[in-house]
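Here the structure comes first, spelled out in structure tokens, and everything after it is commentary.
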Amino acid sequence: MRRLGWMARVCVAVVVALGGAAPVAMGEGRQDTTPAARVAQRQAQARVVVALGRLHHVAQREIALSLLAQVAAVNPETVVFATELETAFRALDGRIVAFAKLLGIAENRLRSTDVSDNTLALHREADLDRLSMARGQDFDRLLWVMVAKDHLAASARLAAATGVAGLDRRLDALVADMALLLEKFGRQAVATAASIDRG
């Protein structure tokens, strides 16, 4: 019950707290063609591009971490975790890119949506560089801690995105699925990192 409550809060933070715009189902039903409606539609699409870009960046980060772990980790448990992490986030990222393509949004546009956040991008690169230089048990320990921190930060970052809830049910589903994956793998990483610290 406590787990379901935590999961519900994450989904609310990521989906409901993203709100602030009136629901606009993109590409569905009869569309208002007045100038004001066209402006609203363009603004809604811009928010969708940003939201899809954030989802894409999070998925790509998890894939990069998992690929590094699969070749550098020493504990079988870490390798299994990394493989599952890659499989889950690669599948979700495929859905993100496919949905963007359906809306006429190219993948390179998704990749460029967060370029304004250069500080965060540089910090992530520095983290990956530090992880790639670790060896043996130090690598495994750092990986678990990094994943735990990453998933908490990613949940907060998605929740801070501007109003997308209700713009499109398919986007809502992608955001909710991302929240579930972050919760699932984040909990495992937090528990493992804590057990390592106690050891």
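Not measured: the values here are computed from a predicted model.
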CE on M133 to CZ on R135, rounded to 0.5 Å: 9.0 Å
As an exercise, state the distance from CG of L92 to CG of L180, rounded to the nearest 0.5 Å. 10.0 Å
Output the distance between atom CG (L103) and atom CG (L171), rounded to the nearest 0.5 Å. 8.5 Å
Keeping D140 on the side-chain end and A73 on the backbone end, is there a donor-acceptor pair under 3.5 Å? no
Rounded to the nearest 0.5 angstrom, the CZ-CG distance for R95 and L174 is 5.0 Å
Rounded at 0.5 Å granularity, tell me how far CD in E86 sits from CD1 in I63. 7.0 Å
Under 3.5 Å, side chain of H56 to main-chain N/O of D93, donor-acceptor pair present? no
One should read off an interatomic distance between Q188 CD and E84 CD, to the nearest 0.5 angstrom, of 6.5 Å
With a 4.5 Å cut-off on side-chain heavy atoms, are S66 and E62 touching? no
Quick one: does V58's side chain get under 4.5 Å of L182's, heavy atoms only? yes
Heavy-atom distance under 4.5 Å between the side chains of L131 and L65, does that happen here? yes
Between W144 and V79, is there a shared hydrophobic cluster once you connect ILVMFWY residues whose side-chain heavy atoms come closer than 4.5 Å? no
Can you confirm whether F99 sits close enough to L52 that some side-chain heavy atom of one is under 4.5 Å from a side-chain heavy atom of the other? yes
Any non-hydrogen side-chain atom of I105 less than 4.5 Å from a side-chain atom of K101? no
So do F89 and Q60 actually touch side chain to side chain, heavy atoms under 4.5 Å? no
Relative to the ring of F185, is the ring of F81 parallel (under 30°), tilted (30 to 60°) or perpendicular (over 60°)? perpendicular
Answer yes or no: is there a side-chain heavy-atom contact under 4.5 Å between R111 and E107? yes
